[in-house]
Amino acid sequence: MLNSMVRVVASLCLAIISAQTALANPQLASVPGARVNMEMQKPFSMKAKGLDHDHEITVYLPASYDSLEDRSYPVLWVLDAPLMLRNVVGVQDTLVLGNMAPEMIVVGIGSRAEDGLAGVGRRVIDFSPAGPDYYPEGVRREVWEEIVSDFDFPHRGNEFLSFLVDEVRPRLERRYRFSGEHALFGHSAGGMFAAYSLFARPDAFDKYIIGSPYVAGVGGVVFKLEDLYASENDDLDVAIFLGAGSDEASEYFLAASGIVSGTVNFAETLRLRNYPSLELSTEIYSGENHYTVVPRVVSDGIRTLWAEEVEVLGSSWPQAPTE
């Protein structure tokens, strides 16, 4: 008798939990066999043409990927994978759970795990567009030279961009179900590279999430490239989310790097071009620094750039009855 009652109560609890799950997340609950979280695939290494070091590529597949074999997914490319990938995947998992983001494939690219901090340090080579050096211009350069002297290395931003678009992407397209929509996320030096990519290969990505970008770097090459692009084009058909933390203006080295002012200047420059197809959103987050701002930029960037999809997903939440 007691065992029967226990089984009945357990069944009721399971039914309640299942019903709550379906109400809370119809995006996944409606897919038989869907996982709860994204699934990491085995990382692999590739060497780019024109670069002397390997890169590790890590793919995370959506929770519904194995259950919906006919479905394709947008792709979010994450630079600085050792530093940023787990953060992005965690945010994306949470947003999908709350119907605040569509499912997507996330691809991280960066140094190999076994290379440690030395590998992470090579990011400046990957992210730097061609230029005389890595420093900003004017008084900012003087501060940089006092802090970082003899900072000389090859600038391989163009080769790294070609690696992403012309080597890694085709390889992954043959293996995974890409929808054809591609977004790029970069923070700090990675943000500079993302901004550079926007004008160096304007058709490479449809959307950009750019956090605390060092656009003043390499002598302001991003602004110079943007000016050249504007002189030859009257439209920019992309969606961009820009973000930085207000406290970055108070930290000496980040102030010298022009992080906040560069972000604002970049946003204003793009807005004043009046490109008909450009979708641009900018946020300066009060009380956030160079590190704490990352999850906010990622979360708001995803929700903003996929706002139409988020609106559809949000409509699936239970609604209060109307009179």
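Just so you know, these numbers come straight off a predicted model, no measurement behind them.
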Note, [X] side chain near [Y] side chain (heavy atom, < 4.5 Å):
X: N265; Y: F223; result: yes
X: I302; Y: L76; result: yes
X: M104; Y: V75; result: no
X: V238; Y: K207; result: no
X: E142; Y: V139; result: yes
X: V293; Y: E248; result: yes
X: S231; Y: L228; result: yes
X: L198; Y: L184; result: no

| request: Check the surroundings of atom CD in E69: do more than 12 heavy atoms from other residues, nucleotides or ligands lie under 6.0 Å from it? | output: no
| R303, CZ atom: more than 12 neighbouring heavy atoms under 6.0 Å | yes
Between [X] and [Y], is there a donor-acceptor pair closer than 3.5 Å when you use the side chain of the first and the backbone of the second?
X: R169; Y: A204; answer: yes
X: S128; Y: I125; answer: no
X: S246; Y: I284; answer: no

| Would the Y196 and F160 ring centres measure less than 6.0 Å apart? | no
| query | Can the ring centres of F185 and Y208 be said to be less than 6.0 Å apart? | reply | no
| message | Set out, in order, the CA-CA distance, both residues' side-chain angles and the distance that settles side-chain contact (heavy atoms from CB on, under 4.5 Å) for L83 and R123, then state yes or no. | response | CA-CA 11 Å; L83 306 178; R123 61 199 287 274; 4.2 Å; yes
Under a single-linkage definition using a 4.5 Å side-chain heavy-atom cutoff for Ile, Leu, Val, Met, Phe, Trp and Tyr, are [X] and [Y] assigned to the same hydrophobic cluster?
X: V78; Y: Y291; value: no
X: I109; Y: V165; value: yes
X: V124; Y: L51; value: yes
X: L278; Y: V222; value: yes
X: V260; Y: I210; value: no

| note | Tested for ring pair (Phe, Tyr, Trp, His ring centres under 6.0 Å) against F193, the lone hit among F205, F163, F127, Y214 is F127
| message | Using the side-chain contact (heavy atoms from CB on, under 4.5 Å) criterion, which residues pair with E145? Sequence neighbours excluded. | response | Y135, R141
| Under the side-chain contact (heavy atoms from CB on, under 4.5 Å) test, residues paired with R71 that sit two or more places apart | S64, L68, Y73, E103
Taking all atoms of both residues into account, what is the closest heavy-atom pair of [X] and [Y], and its distance?
X: V221; Y: P129; answer: CG1-CG, 3.7 Å
X: Q92; Y: P102; answer: NE2-O, 2.9 Å
X: G211; Y: V297; answer: CA-CG1, 4.1 Å
X: L236; Y: Y229; answer: CD1-OH, 3.5 Å
X: T304; Y: S281; answer: CG2-OG, 3.4 Å
X: A255; Y: A249; answer: CB-O, 3.6 Å

Measure the spacing between [atom1] of [X] and [atom2] of [Y] and express it to the nearest 0.5 Å.
X: D166; Y: R171; atom1: CG; atom2: CZ; result: 15.0 Å
X: L61; Y: D66; atom1: CG; atom2: CG; result: 7.0 Å
X: E311; Y: E308; atom1: CD; atom2: CD; result: 8.0 Å
X: D80; Y: N87; atom1: CG; atom2: CG; result: 12.0 Å
X: D93; Y: N37; atom1: CG; atom2: CG; result: 4.5 Å
X: S111; Y: R122; atom1: OG; atom2: CZ; result: 6.5 Å

| Hey, what's the ring geometry for F178 with Y176, parallel, tilted or perpendicular (30° and 60° as the breaks)? | parallel
| query | Do the ring planes of Y134 and H155 sit parallel (below 30°), tilted (30 to 60°) or perpendicular (above 60°)? | reply | perpendicular
| query | Using 4.0 Å as the upper bound for N to carboxylate O, is an ion pair formed by R296 and E288? | reply | yes
| said: Check R273 with D235, please: is the shortest side-chain N to carboxylate O separation under 4.0 Å? | reply: no
| query | Step by step, would you call E56 with K42 a salt bridge (charged side-chain N to carboxylate O under 4.0 Å, His left out)? | reply | CA-CA 10 Å; E56 186 171 88; K42 183 178 180 180; over 6 Å; no
| task | Take T263 and V215, measure what side-chain contact (heavy atoms from CB on, under 4.5 Å) needs, and give me the verdict at the end. | result | CA-CA 7 Å; T263 300; V215 286; 5.8 Å; no
Distance only, no hydrogens: is a donor on one side chain within 3.5 Å (strictly under) of an acceptor on the other, for [X] and [Y]?
X: W306; Y: E181; result: yes
X: D115; Y: H53; result: no
X: D54; Y: S45; result: no
X: Y285; Y: D247; result: no
X: R140; Y: S261; result: yes

| task | Apply the test side-chain contact (heavy atoms from CB on, under 4.5 Å) to residues M84 and H187: give CA-CA distance (whole Å), side-chain angles for both, the deciding distance (0.1 Å), then the verdict. | result | CA-CA 8 Å; M84 297 292 159; H187 183 75; 3.8 Å; yes
| query | Does the pair Y65 and E39 meet the rule for a side-chain contact (heavy atoms from CB on, under 4.5 Å), with working shown? | reply | CA-CA 9 Å; Y65 190 87; E39 182 178 47; over 6 Å; no
| task | Carefully, step by step, assess S162 and R156 under the rule side-chain hydrogen bond (donor to acceptor under 3.5 Å, both in side chains). | result | CA-CA 10 Å; S162 295; R156 296 289 184 261; over 6 Å; no
